[in-house]
Amino acid sequence: MTSNQLVAGPEAALPTLRGAVAGLPSYVPGRRGAGVDTAALASNESHYDPLPAAVTAVAEAAGRMNRYPDMAAVELRERLARHLGVTAEEVAVGPGSVGVLQQIITGLCDAGDEVVFAWRSFEAYPILVELAGARPVRIPLDDAEGHDLAAMAAAVTDRTRVILLCTPNNPTGVPISHDRIEAFLQTVPSSVLVVIDEAYVEYAEAGSGPDSLALYRRYPNICILRTFSKAYGLAGLRVGYAITTAAIADGLRRTALPFSVSALAQKAAVASLDAGEEMEARVAAVRQERARMAAELTAQGWKLQPSQGNFLWIRAGEDLRARLVDAFDRAGILVRAYQGDGVRITVADPASNDRVLRILEAHAA
């Protein structure tokens with residue numbers, strides 16, 4: 001009998017996936033469109049082109065792409081440290097904030113440990129938790145589409161290792177105030193890492209959410225999670241970061257996939273930080289459009305919670321959700337639908353936003 005026959009025989013054992021992986025739901029990315037008139041409003045990307053300084057930095061670094069990037073991302077970590085008033089030892093980077101989050105869960109959770117988070121929130125949370133063999137603990141949002149912090153605190157057990165607070169929350173856009181998070185921290189054991197996920201923090205109005213850096217200086221069990229994918233417009237390069245204690249940050253760097261943040265991404269992120277004023281001007285324009293859309297939708301009869309992200313959330317039952325998605329599809333507008341919950345729409349340029357408003361006006365109550 002040949003080796004091929006041994007492999008192909010009816011009783012031959014074949015490799016199988018881990019149970020946790022076999023039953024894992026796939027992360028569903030925002031849909032893409034190729035048409036010239038397609039408005040891609042499903043992924044909360046910046047509708048602006050990358051910052052010119054970032055494009056220049058990438059072009060200059062491209063000639064050295066035959067070399068590995070700096071695995072420790074020293075230049076980027078030092079630049080972030082100056083920007084945020086921390087030390088480089090307190091900074092860990094990864095391929096987007098979701099990559100850093102995977103490092104966090106891998107670094108802190110053993111099989112059977114628990115990670116508490118609000119639901120609905122970022123789609124990747126339960127996937128990353130289950131992949132690590134830990135147990136996701138989903139706490140329903142409150143009536144205002146925000147985090148029910150009292151219920152989250154009550155869900156903490158001796159197996160809880162991480163709590164995820166997404167502010168502004170994705171997909172609802174609702175922030176968590178500074179005072180509410182501080183009161184929550186006083187009820188949580190100091191051995192539990194509280195991750196404040198601020199992927200959309202640049203779009204939030206001042207004072208709407210927490211001063212996470214001030215909280216971090218008071219509560220060393222905090223980890224701040226941020227990204228360059230949204231306001232800085234580097235979604236295609238994948239670079240995010242965490243601010244946490246030097247000991248935890250060191251662990252996150254140890255759990256990172258080697259060379260996971262490319263040299264181009266590191267250079268673009270540094271250049272983007274240096275172009276902060278230009279980024280802020282773009283963010284201000286998005287905030288203005290967000291306010292305009294929210295006011296018009298409220299006048300149409302839609303009940304909205306104030307969003308602090310670069311998106312709006314339409315709570316809709318399954319029938320209305322399906323009708324909205326169909327109408328948007330026929331109009332060449334790609335939005336993000338959440339079965340049984342609603343629709344999330346990225347705020348883009350005024351012309352695209354006007355198209356969205358016309359569709360929603362036709363379906364207003």
Side-chain angles (χ1 to χ4, degrees), residues 27-32 40-55 57-58 61 69 73 76-77 79-80 83-84 91-104 121-125 127-128 164-171 173 175 195-204 209 212 223-243 252 256-257 260-276 278-280 282-283 285-287 290 307-311 334-336 344-349:
Y27 177 79
V28 181
R31 296 176 300 156
R32 318 303 300 176
L41 309 182
S43 296
N44 291 343
E45 299 152 317
S46 171
H47 66 280
Y48 291 102
D49 291 335
L51 291 161
V55 174
V58 167
L76 175 55
R77 286 171 48 224
R79 181 66 185 81
L80 280 166
H83 179 66
L84 297 168
V91 182
V93 303
S97 57
V98 69
V100 183
L101 181 57
Q102 184 170 33
Q103 294 161 216
I104 291 169
S121 194
F122 182 35
E123 292 284 287
Y125 289 167
I127 295 173
L128 296 179
L164 306 176
L165 303 178
C166 187
T167 178
N169 186 48
N170 173 21
V195 178
I196 302 178
D197 184 349
E198 295 186 307
Y200 299 94
V201 66
E202 290 85 3
Y203 294 107
S212 55
C223 174
I224 301 167
L225 191 59
R226 293 183 180 176
T227 184
F228 285 91
S229 294
K230 307 301 181 185
Y232 286 100
L234 299 183
L237 285 180
R238 313 309 301 127
V239 53
Y241 61 95
I243 306 297
L252 301 189
L257 186 68
S260 60
V261 182
S262 72
L264 275 61
Q266 293 182 39
K267 292 292 185 185
V270 170
S272 296
L273 284 170
D274 291 339
E278 189 174 356
M279 184 275 292
E280 284 290 348
R282 294 178 172 192
V283 164
V286 171
R287 288 194 196 114
R290 180 182 69 199
S307 171
Q308 293 297 322
N310 65 330
F311 53 87
L334 302 181
V335 298
R336 183 66 179 266
R344 189 193 70 193
I345 306 162
T346 305
V347 175
D349 58 283

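- Residues passing the side-chain contact (heavy atoms from CB on, under 4.5 Å) test with Ala53, sequence neighbours excluded: Ala271, Ala275.
- Considering only heavy atoms from C-beta on, Asn170 comes within 4.5 Å of Arg344 through its side chain.
- Here the closest non-hydrogen pair linking Ala124 and Val98 is CB-CG2, 3.8 Å.
- Closest non-hydrogen pair, Thr167 versus Pro175, comes out as OG1-CA, 3.3 Å.
- Between Glu202 and Ala231, the shortest heavy-atom distance links the atoms CB-CB, 3.6 Å.
- In this view, Asp274 and Arg79 satisfy the salt bridge (charged side-chain N to carboxylate O under 4.0 Å, His left out) rule, not counting sequence neighbours.
- Looking only at distances, no side-chain donor or acceptor of Arg77 sits under 3.5 Å from a matching main-chain atom of Val93.
- For Ser212, the side-chain contact (heavy atoms from CB on, under 4.5 Å) criterion is met by Ile196, Glu198, Ile224, Arg226, not counting sequence neighbours.
- Atoms CD1 and NE2, on Ile243 and His83 in that order, are 9.5 Å from each other to the nearest 0.5 Å.
- By the salt bridge (charged side-chain N to carboxylate O under 4.0 Å, His left out) test, Arg238 pairs with no residue at all, sequence neighbours left out.
- Side-chain contact check for Asn44 versus Arg336: every heavy-atom pair is 4.5 Å or farther apart.
- For Tyr200, the ring pair (Phe, Tyr, Trp, His ring centres under 6.0 Å) partners two or more places apart in sequence, or in a different chain, are Phe311.
- Scored by the ring pair (Phe, Tyr, Trp, His ring centres under 6.0 Å) test, Phe228 finds Tyr232, Tyr241 as partners (sequence neighbours excluded).
- Every side-chain contact (heavy atoms from CB on, under 4.5 Å) that Val58 has, sequence neighbours left out, goes to Leu237, Leu264, Ala268.
- Heavy-atom minimum distance, Thr346 versus Ser43: OG1-N, 3.9 Å.
- Leu84 has its side chain out of reach of Val91: every pair of non-hydrogen atoms, C-beta onward, lies at least 4.5 Å apart.
- Note that CG of Leu51 is 7.5 Å distant from CG of Leu234, once rounded to the nearest 0.5 Å.
- Among residues at least two apart or in separate chains, side chain to side chain donor-acceptor pair (under 3.5 Å) pairs with a member in residues 260-272 are Glu75-Lys267.
- Residues that satisfy the side chain to side chain donor-acceptor pair (under 3.5 Å) test with Asn169, not counting sequence neighbours, are Ser121, Thr172.
- Taken from CG in Leu164 to CZ in Phe122, the straight-line distance is 10.5 Å, to the nearest 0.5 Å.
- To the nearest 0.5 Å, the span separating NZ on Lys230 from CE on Met279 amounts to 14.5 Å.
- Between atom CG of residue Leu128 and atom CD of residue Gln103 there is a gap of 11.0 Å, rounded to the nearest 0.5 Å.
- For the pair Glu278 and Pro52, the tightest heavy-atom approach, listed with the atom from each and the gap, is OE2-CD, 3.4 Å.
- Qualifying side-chain contact (heavy atoms from CB on, under 4.5 Å) partners for Ala204, counting only residues two or more places apart in sequence or in other chains: Pro168, Ser208, Gln308.
- Here the side chains of Val55 and Asp49 are not in contact, with every heavy-atom distance at 4.5 Å or above.
- Side-chain atoms of Leu225 and Val100, non-hydrogen and from C-beta on, do get closer than 4.5 Å to each other.
- At least one donor-acceptor pair closer than 3.5 Å links the side chain of Ser46 to the backbone N or O of Tyr48.
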